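First up is the structure itself, then whatever we jot down about it.
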Amino acid sequence: MQPVRPELWLGGVLALSIAASLAIGPAGFGLPGKAPAAWLIFSEIRLPRAILGALIGAALGLSGAALQGYLRNPLAEPGLLGVTGGASLGAVIAIHSGATAAFALALPLGGLIGAATSTAAVLLLAGARSGPVTLILAGVAISGLAGALTTLALNLSPNPFAAVEMVFWLLGSLNDRSLVHVWIASPLILAGAAILLSLQRDLDSLSLGDDVAANLGVDLSRIRLKVIAGTALAIGAATAVAGSIGFVGLVIPHLLRRFADHAPGRLLWLSALGGACVLLLADVAVRLLSAFGDLKLGVVTALIGAPFFLWLVIKTRQELGP
Amino acid sequence: MSLAATDLGVALGQRTVLAGVTLALRPGEVTAVLGPNGAGKSTLLRALAGLLPPHQGTVILDGTALGGFDGPDRARAIGFLPQHRTIHWPMTVEHTVALGRVPHGDRSPQAIERAMAEMDVTQFRDRPVTELSGGELARVLMARVLAQDTPILLADEPTAGLDPAHQLALLDCLAARAKAGKTVVVALHDLSLAARYGQRIVLLQAGRITADGVPDAVLTAALLKSTFGIDAQLVHVEGMAVVLPRRVC
């Protein structure tokens, strides 16, 4: 018997995750009946949340897998190139400046401007033709700068409420996101995902080194630009509407790599599906646990992701010996 | 397909590694590139493969400068085995060999099976490449080049780390491809294997070609001494050429 293709069973899990996200919430279980209030909850609260959960989870998993494949480093994660830090800074500045009080969409727009600015800065700093190491260094440097400026904004926050708003936003959440957020984020995420998914063969070729990849017809500077652009679009948009959500982009490719025969190209689709499943289910968990307090989505993914990563370290140690 | 370098010069950083190299490769024969460490063998092969932009002169593939080809077109013409055996993920042997089909946009089972059979790696097709020995990995990576099925084959020290049987099998395979009309270039350190399998020997020293011709004309005692600094002689045993190194001069 042929083993079931991992794309198929992950697709099945994703369908169940979407259904769970649509059906479960503090307002009760199940899909809406005829009551208008229930329909309102469904279309205004649960539907955008499910769409954003799936898209943002997919963006995180996909970008993590693409960066790990391009940098040939299993520790790469979507925030490595400074996009997450830049988007966070942009959103925090939007809160700090009071722009969000004037109009609500200042928050995601600030995030998008921050993501674009940090990506441009990383590109400028790394230069047009540099290799992976320079790119990582530039990303770390810009992330560090964005982080420093973010804490400065927190430090100088005009009042405690603004500080709390910034901190909660930084933790990452899908609470109270509307269809407007879906319209802002989804075209950018889908465009970024399309760019990253076009790299399947190039990433496979890169796994035998730069010279072999070049011999197989890969244009090394074009693939680099595509990885940066795809990540910036997908992660910039995701962070701009949901805050920074950690661990999904790091852990999901690890978890699924064996099902892709360790080929970085095939891992892209799997990680997109897997990331979507995990973020949707984590968001369902957030809602189920809301009776015990307002948990943020980024906190839950970190709480799930960190122990998993510990387990990965122990497993790797056992495989590689002492 | 013809591949030729004219007055080729390549610099890596500030250092000039190749200078004034003119070399027209002929289909149907195995050309062995010989030279001491640092002579520029790998740089010559990488430049011929289009991986290093020349800072002087040109590399011409079928009448067009190599830089004018787009990646996949060049990849369908020239297969290149680098000296460094890099592998980043534990993919299976079969998956690795199948990468040779990327420029063709297919996964032709015939080409992949034939390449795996020629390099004798079919029996561990499902093993992760990271669990292979150095010589086994070298054969898998060579099979990737063979699966690419190109009219021009450039291999940088393909026999390094292989046991004697697989060294001979690999060079037999390349010789057969040459006989079938392909252009084959190998950089080698084993002078006897070069003398036996190369119809043409190109001797490199300090980035320049110092001799170019049939083995008997190139592997003379005088050239072996001036190029490699060894006292050696080309002898024929049972009709096969063998370079007998006596001592370091």
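Every heavy atom of this structure was used, including side-chain atoms; hydrogens, water molecules and symmetry mates were not. If you're wondering where the values come from, they're calculated on a predicted model, not measured in any experiment. The sequence lines fix the lettering, A, B, ..., with proteins before strands; numbering per chain opens at 1.
- The parts of Pro90(B) that come within reach of chain A are both its backbone and its side chain, each placing non-hydrogen atoms under 4.5 angstrom from that chain.
- For the 3.5 Å distance criterion, the side chains of Asn73(A) and Gln68(A) fail to qualify, holding no donor opposite an acceptor.
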What do the steps show when you test Asp202(A) against Tyr70(A) for side chain to side chain donor-acceptor pair (under 3.5 Å), and what is the final call? CA-CA 9 Å; Asp202(A) 293 342; Tyr70(A) 171 67; over 6 Å; no
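- Interface residue Arg144(B): only side-chain heavy atoms are found under 4.5 Å from chain A.
- Of the atoms belonging to Arg258(A), not a single heavy atom falls under 4.5 Å from chain B.
- Residue Arg46(B) touches chain A through its side chain alone, counting heavy-atom pairs closer than 4.5 Å.
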Walk me through it: do Asp211(A) and His84(B) pass the test side chain to side chain donor-acceptor pair (under 3.5 Å)? CA-CA 9 Å; Asp211(A) 270 3; His84(B) 293 291; over 6 Å; no
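- At a 4.5 Å heavy-atom cutoff, Leu220(A) makes no contact with chain B through either its backbone or its side chain.
- Residues Gly50(B) and Arg74(B) come closest through the heavy atom pair O-NH1, 3.4 Å.
- Shown here for Leu34(B) and Lys41(B), the closest heavy-atom pair between the two residues is C-CD, 3.8 Å.
- Taking all atoms of both residues into account, the shortest heavy-atom contact from Glu157(B) to Arg85(B) is O-NH2, 3.5 Å.
- Using a 4.5 Å cut-off between heavy atoms, Asp219(A) makes no contact with chain B at all.
- At least one cation-pi condition fails for Arg72(A) and Trp89(B): the charged atom is not both under 6.0 angstrom from the six-membered ring centre and inside a 45 degree cone around its axis.
- Top candidate by heavy-atom pairs under 4.5 Å with chain A, chosen from Val102(B), Thr92(B), Leu154(B), Val129(B), is Thr92(B).
- Of the two parts of Leu141(B), only the side chain, counted from C-beta on, holds a non-hydrogen atom closer than 4.5 Å to a non-hydrogen atom of chain A.
- With a 4.5 Å cut-off on non-hydrogen atoms, Leu51(B) touches chain A through its side chain but not through its backbone.
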